[in-house]
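Note sheet for the following structure.
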Amino acid sequence: MADVAIVTGGTRGIGAAIARALQAAGCRVAAIYHGNDEAAARFSGAADIPVFKWDVGDEAACLEGIRKVEEALGPTSVLVNNAGITRDGMFHRMSWEQWRAVLGTNLDSMFTMSRAVIEGMRERRHGRIINISSINGQKGQVGQVNYSAAKAGVIGFTKALALENAARGITVNAICPGYIDTDMVAAVPQEVRDSIVARIPVGRLGQAEEIAHAVAWLATPAAAFCTGSVLTINGGQYIANG
Ligand code: NDP
């Protein structure tokens, strides 16, 4: 039977490309989203991928949502923790709400989603968990203390979970994208975007598909020896100038 793959934030941007890539690789995919019904319906119709709506930062919602997905598609063997948000601002002006929103969606979701599927994966001795971190979790970023902390947390989470489950046929890896051409980056002012591109050695933003292909490979049996890894995909930005 085909692997069942859950992609959080799978209706837009990087997640939508990941959902399509996993579908093309033969998985039965469920895409999770939170608020944008219109984008989700458009994606679902175009890609022929079922969508489910819940907040990945809410433990009870995740348990209930995953139960529904598994009822419809079968037990989860691939989990892609991709959903993420930003609430930027200098730390000395950052509110608790900005902190909590970003930590909730980007880091609490690692617990809520992975905890809900890990026991089944351990029983079946097969699983792939792929977590989307960020270059800014590796290097830090002005105005993103909350986001950088959450994304660095994703890396620690990935390594510890990989160690705990390596002998059970489960791999856990993280991908750190650099700047990718999605709605999240489109929200950044044009002059800031230009200055970002100027710091990327390949001279352009990345494409969502360039992250999706890596996720699809990590989900294959061929990637069974790859666990606890942090895969950096940023057009050379990190090694060039941090
Ligand atoms: P987008 O803003 O384009 O899409 C975000 C997706 O996540 C949407 O499907 C959104 O649903 C969903 N989502 C947001 N919050 C929740 C929530 N609480 N519960 C469930 N789903 C939620 O993001 P990107 O594609 O740009 O980013 C994807 C991931 O990659 C994120 O983790 C981001 O931090 C990371 N990343 C992105 C980079 C970039 O340059 N774009 C660079 C490095 C990392 P809805 O449509 O309903 O809002």
Side-chain angles (χ1 to χ4, degrees), residues 6-10 13-15 17-18 56-57 59 62 78-88 91 94 98-118 121 127-168 170-180 182 184-185 196 199-200 206 208 210-219 223-242:
I6 296 181
V7 182
T8 70
I14 295 171
I18 292 170
V56 293
E59 187 190 17
C62 288
V78 179
L79 170 64
V80 184
N81 284 313
N82 162 80
I85 59 167
T86 52
R87 294 287 183 272
D88 295 354
F91 184 69
M94 185 173 286
Q98 281 172 293
W99 173 264
R100 269 314 316 155
V102 168
L103 269 286
T105 300
N106 296 275
L107 188 58
D108 291 355
S109 60
M110 297 291 142
F111 176 88
T112 54
M113 291 295 300
S114 308
R115 181 68 186 81
V117 300
I118 196 77
M121 287 181 174
R128 293 282 186 271
I129 298 180
I130 300 146
N131 301 322
I132 306 302
S133 176
S134 167
I135 186 174
N136 291 345
Q138 295 177 295
K139 73 174 192 58
Q141 176 62 29
V142 171
Q144 290 196 325
V145 168
N146 50 1
Y147 185 80
S148 299
K151 293 302 194 183
V154 169
I155 294 172
F157 174 91
T158 298
K159 291 180 178 178
L161 194 63
L163 286 173
E164 287 189 7
N165 291 283
R168 293 277 181 148
I170 302 166
T171 67
V172 188
N173 292 286
I175 295 182
C176 290
Y179 287 86
I180 309 298
T182 69
M184 186 180 273
V185 170
I196 288 169
R199 292 199 305 272
I200 301 174
E210 293 175 301
I211 306 301
H213 288 309
V215 172
W217 175 72
L218 284 170
F225 203 56
C226 183
T227 196
S229 292
V230 178
L231 185 51
T232 295
I233 307 179
N234 57 36
Q237 185 184 351
Y238 184 60
I239 52 169
N241 46 35

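The residues of the chain are indexed from 1 along the displayed sequence.
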(request) For Thr227 and Asn173, test the side chains for any donor-to-acceptor distance below 3.5 angstrom and give the result as yes or no. (result) no
(message) Using modelled atom types and a 3.5 Å cut-off, is there a donor and acceptor pairing between side-chain atoms of Ser229 and backbone atoms of Leu231?
(response) no
(request) Would you indicate whether the side-chain heavy atoms of Trp99 and Val145 approach each other to under 4.5 Å? (result) yes
(message) Would you compute the distance between atom OH of Tyr238 and atom NZ of Lys139 and round it to the nearest 0.5 angstrom?
(response) 9.0 Å
(message) Working note: Leu218 + Arg128, criterion side-chain contact (heavy atoms from CB on, under 4.5 Å); need CA distance, chi angles, decisive distance, verdict.
(response) CA-CA 8 Å; Leu218 284 170; Arg128 293 282 186 271; 5.7 Å; no
(request) Mind listing the closest non-hydrogen atom pair of Ile200 and Tyr179 along with its distance? (result) CD1-CB, 4.3 Å
(message) Main chain of Asp88, side chain of Thr86: is a donor-acceptor contact present, judged purely on distance under 3.5 Å?
(response) no
(request) Have a look at Met113 and tell me which of Ile118, Ile129, Leu79 forms a side chain to side chain contact (heavy atoms under 4.5 Å, CB included) with it. (result) Leu79
(request) I would like to know whether Val230 and Ser133 meet side-chain contact (heavy atoms from CB on, under 4.5 Å); could you show each step before the answer? (result) CA-CA 9 Å; Val230 178; Ser133 176; over 6 Å; no
(message) Other residues, nucleotides and ligands only: do more than 12 of their heavy atoms fall within 6.0 Å of CZ on Arg115?
(response) no
(request) Write down the atom of Val172, the atom of Ala162, and the distance for their closest heavy-atom approach. (result) O-CB, 3.6 Å
(message) If I compare all heavy atoms of Asn106 with all of Ala83, which pair ends up nearest, and what's the gap?
(response) OD1-O, 4.1 Å
(request) Grab the two heavy atoms, one from Arg87 and one from Met94, that are nearest each other, plus how far apart they are. (result) O-CE, 4.4 Å
(message) Is there a side-chain contact (heavy atoms from CB on, under 4.5 Å) between Ser114 and Asn81? Walk through the geometry before answering.
(response) CA-CA 8 Å; Ser114 308; Asn81 284 313; 3.2 Å; yes
(message) Restricting to non-hydrogen atoms, name the atom on Gly57 and the atom on Asp108 that form the minimum distance, rounded to 0.1 Å.
(response) O-CB, 4.4 Å
(request) Could you tell me which non-hydrogen atom of Ile155 sits nearest to which non-hydrogen atom of Cys176, and how far apart they are? (result) CD1-SG, 3.9 Å
(request) With the side chain counted from C-beta on, respond yes when Leu107 and Val154 share a heavy-atom pair under 4.5 Å apart, and no when they do not. (result) yes
(request) Given side-chain contact (heavy atoms from CB on, under 4.5 Å), test Phe91 with Asn146 step by step and report yes or no. (result) CA-CA 8 Å; Phe91 184 69; Asn146 50 1; over 6 Å; no
(message) Whether the side chain of Lys151 engages the backbone of Ile132 through a donor-acceptor N/O pair (distance < 3.5 Å, no angle test) should be reported.
(response) yes
(message) Please enumerate all residues that pass salt bridge (charged side-chain N to carboxylate O under 4.0 Å, His left out) together with Arg168, with sequence neighbours excluded.
(response) none
(message) Consider side chain to side chain contact (heavy atoms under 4.5 Å, CB included). Of Ile211, Asn131, Ile18, Ile130, which one does Asn82 pass it with?
(response) Ile18
